[in-house]
Amino acid sequence: MSEGSIPCLWMRGGTSKGAYFLASDLPEAREARDDLLLRIMGSPDPAQIDGIGGADPLTSKVAVLSPASREDADVDYLFLQVFVDRALVSDAQNCGNILAGVGPAAIERGLVAAAGEETPVRIHMVNTGEIATARIATPGGRVSYEGEARIDGVPGRHAPVPLMFDSVAGSMCGALLPTGNAVDEIEGVDCTLIDNGMPCVVMRAADLGVEGTESREALEGDAALKERVEAIRLAAGPMMSLGDVSEKTVPKMVLVSEPRAGGVLSTRSFIPHRVHATIGVFAAVSVATAATLEGSPAASVARLPEGETFAVEHPTGAAEVLLERDAEGRVGRAGTLRTARKLMEGLVFPGPERG
Ligand code: NQM
């Protein structure tokens, strides 16, 4: 290994892209690890020109894999968001898109053995303490990325990566509805503060004076809207047991409106300052769950499906999430279909230390 270089898998997971490392290849001390990851990604710099990050929060992500620390898991996965334009690395959120690459990466790097044509991988999501089960195509005992599955936001067809979550309610907030309410008013706007895998604030786009069909660029260019959304976010943080969220990437702020393409509802999500090109996996699960809550802003615009598949529309199509509901309509197990692909495997060379 060249001096200072680190083994790295660069993978697309769902509609995100990131660097996958073994924990044993990174410094143990958090400060040293974070400093190294910033230098690898090229942060802080809006262009990330001296690193491998893609100058977008969706392509400035890291998965750290290690042997399972729990009996009921095969591998541990810690997600880290490397900020693009700030010297910050945050473990205060999970990521369901990068999660899609964890099973393949764990098999590729020898943490999990392939078992037959399809290998189930139980992933301990260290950020939230919950378990996801991924099913990875492993014909002939090797990961295959080829297949016929298609997800909106990603061109082409790839091997399917079905993901199931037994229980992700209250993943970071301790309860599905951390305030106990389906609706809270913040800054004069009706909000659902919800966490079914991802802390989200769900609001009607119309209540913020927009249609909810605007492009990512149009919403990011609307300074007054962004200011209002951020004011609501900062107020929602403590209400959701997240404390001061000024330096955190949660809660996500999701604007909902009626469906335009046969789905359940339409979304635009601030994650939390840039607008997502699609929608996060756990954010989609959380918003779909919000749509089942009578009297909530999401329910007021949603067209609920008969079955378990909820198509959550986003700027480039829809994310399909599976929600199992009991006789009372309460949401239980959840899941989704993603794809993932190995893009590059090799050594990454961190930039120079910063003074
Ligand atoms: O909500 C981006 C992504 C995510 C998170 C973000 C995610 C999720 O799409 O599970 O996947 O919301 O910052 O990669």
Side-chain angles (χ1 to χ4, degrees), residues 10-20 41 53-63 77-86 88-102 123 125-128 130-132 134 151-154 161 163-165 168-169 171-173 194-202 216 219-220 229 233 242 245 247-255 267-290 310 312-323 334-341:
W10 184 242
M11 297 190 69
R12 174 181 64 76
T15 57
S16 285
K17 218 160 24 179
Y20 291 65
M41 286 293 175
D56 187 307
L58 300 175
T59 56
S60 183
K61 300 187 164 214
V62 166
Y77 152 55
L78 173 71
F79 171 71
L80 297 171
Q81 178 71 52
V82 180
F83 282 60
V84 173
D85 50 5
R86 300 176 67 184
L88 258 183
V89 176
S90 175
D91 64 2
Q93 78 160 85
N94 191 4
C95 178
N97 273 306
I98 290 297
L99 171 68
V102 170
I123 302 164
M125 302 181 287
V126 175
N127 304 78
T128 56
E130 277 140 1
I131 303 282
I151 58 171
D152 284 341
V154 179
V161 180
L163 297 168
M164 282 308 295
F165 319 113
V168 283
S171 69
M172 297 197 76
C173 301
I194 188 164
D195 171 9
N196 201 11
M198 181 66 73
C200 289
V201 177
V202 185
R216 194 182 186 196
L219 294 172
E220 286 181 356
V229 168
R233 194 179 81 85
L242 296 168
V245 293
E247 305 247 300
K248 293 186 183 162
T249 54
V250 286
K252 310 295 178 185
M253 307 299 287
V254 187
L255 312 188
T267 64
R268 294 293 183 269
S269 48
F270 287 78
I271 58 169
H273 303 123
R274 299 287 303 273
V275 175
H276 206 303
T278 63
I279 186 169
V281 168
F282 289 113
V285 170
S286 296
V287 175
T289 305
F310 286 59
V312 178
E313 297 178 10
H314 58 60
T316 49
E320 289 196 350
V321 301
L322 200 90
L323 294 186
T336 193
L337 174 74
R338 299 279 86 187
T339 66
R341 202 165 77 77

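Remember, it's 1-based here, ligands and their atoms both numbered in the order they're listed. Quantities reported herein were computed from a predicted structural model and do not represent experimental measurements. This chain uses plain numbering: 1 for the first residue, then up along the sequence.
Within the 4.5 Å cutoff, no side-chain heavy atoms of M125 are placed close to those of F79. Side-chain atoms of R233 and V201, non-hydrogen and from C-beta on, never get closer than 4.5 Å to each other.
Of all atoms in ligand 1, listed by their number and element, those nearer than 4.0 Å to a heavy atom of G96 are 7 (C), 8 (C), 10 (O), 11 (O). Ligand 1 places these atoms under 4.0 Å from at least one heavy atom of H276: 2 (C), 3 (C), 4 (C), 9 (O). Using a 4.0 Å cut-off to heavy atoms of S16, the atoms of ligand 1 that qualify are 3 (C), 9 (O), 14 (O). Of all atoms in ligand 1, numbered sequentially from 1 with element shown, those under 4.0 Å from a heavy atom of F282 are 1 (O), 8 (C), 10 (O). Those atoms of ligand 1 that come under 4.0 Å of a heavy atom in A283, given as number and element, are 1 (O). Near M198, the atoms of ligand 1 lying under 4.0 angstrom from a non-hydrogen atom of the residue are 1 (O), 8 (C). For ligand 1, the atoms lying closer than 4.0 Å to a non-hydrogen atom of I271 are 6 (C), 12 (O), 13 (O).
More than 12 heavy atoms of other residues, nucleotides or ligands sit less than 6.0 Å from atom NZ of K248.
Given atom 6 (C) of ligand 1, the protein heavy atom at minimum distance is K252 NZ, 3.5 Å. Nearest protein neighbour of atom 4 (C) of ligand 1, counting heavy atoms only, is K61 NZ, 3.2 Å.
The backbone N or O of T128 sits nowhere less than 3.5 Å from a side-chain atom of N94 that would complete a donor-acceptor pair. Although no hydrogens or angles enter the test, the distance criterion places no donor-acceptor pair under 3.5 Å between the side chain of T59 and the main chain of K17. In this structure, R12 contributes its side chain and G101 its backbone to no donor-acceptor pair below 3.5 Å.
To the nearest 0.5 Å, the span separating CE on M198 from NZ on K252 amounts to 5.5 Å.
Within the 4.0 Å heavy-atom cutoff, C95 counts among the residues contacting ligand 1.
For Q81, no nitrogen or oxygen atom sits less than 3.5 Å from a nitrogen or oxygen atom of ligand 1, counting backbone and side chain alike.
Of the candidates T15, V281, N94, V281 brings a heavy atom nearest to atom 8 (C) of ligand 1.
The minimum heavy-atom distance between S286 and I194, with the atom names listed, is O-CD1, 3.6 Å.
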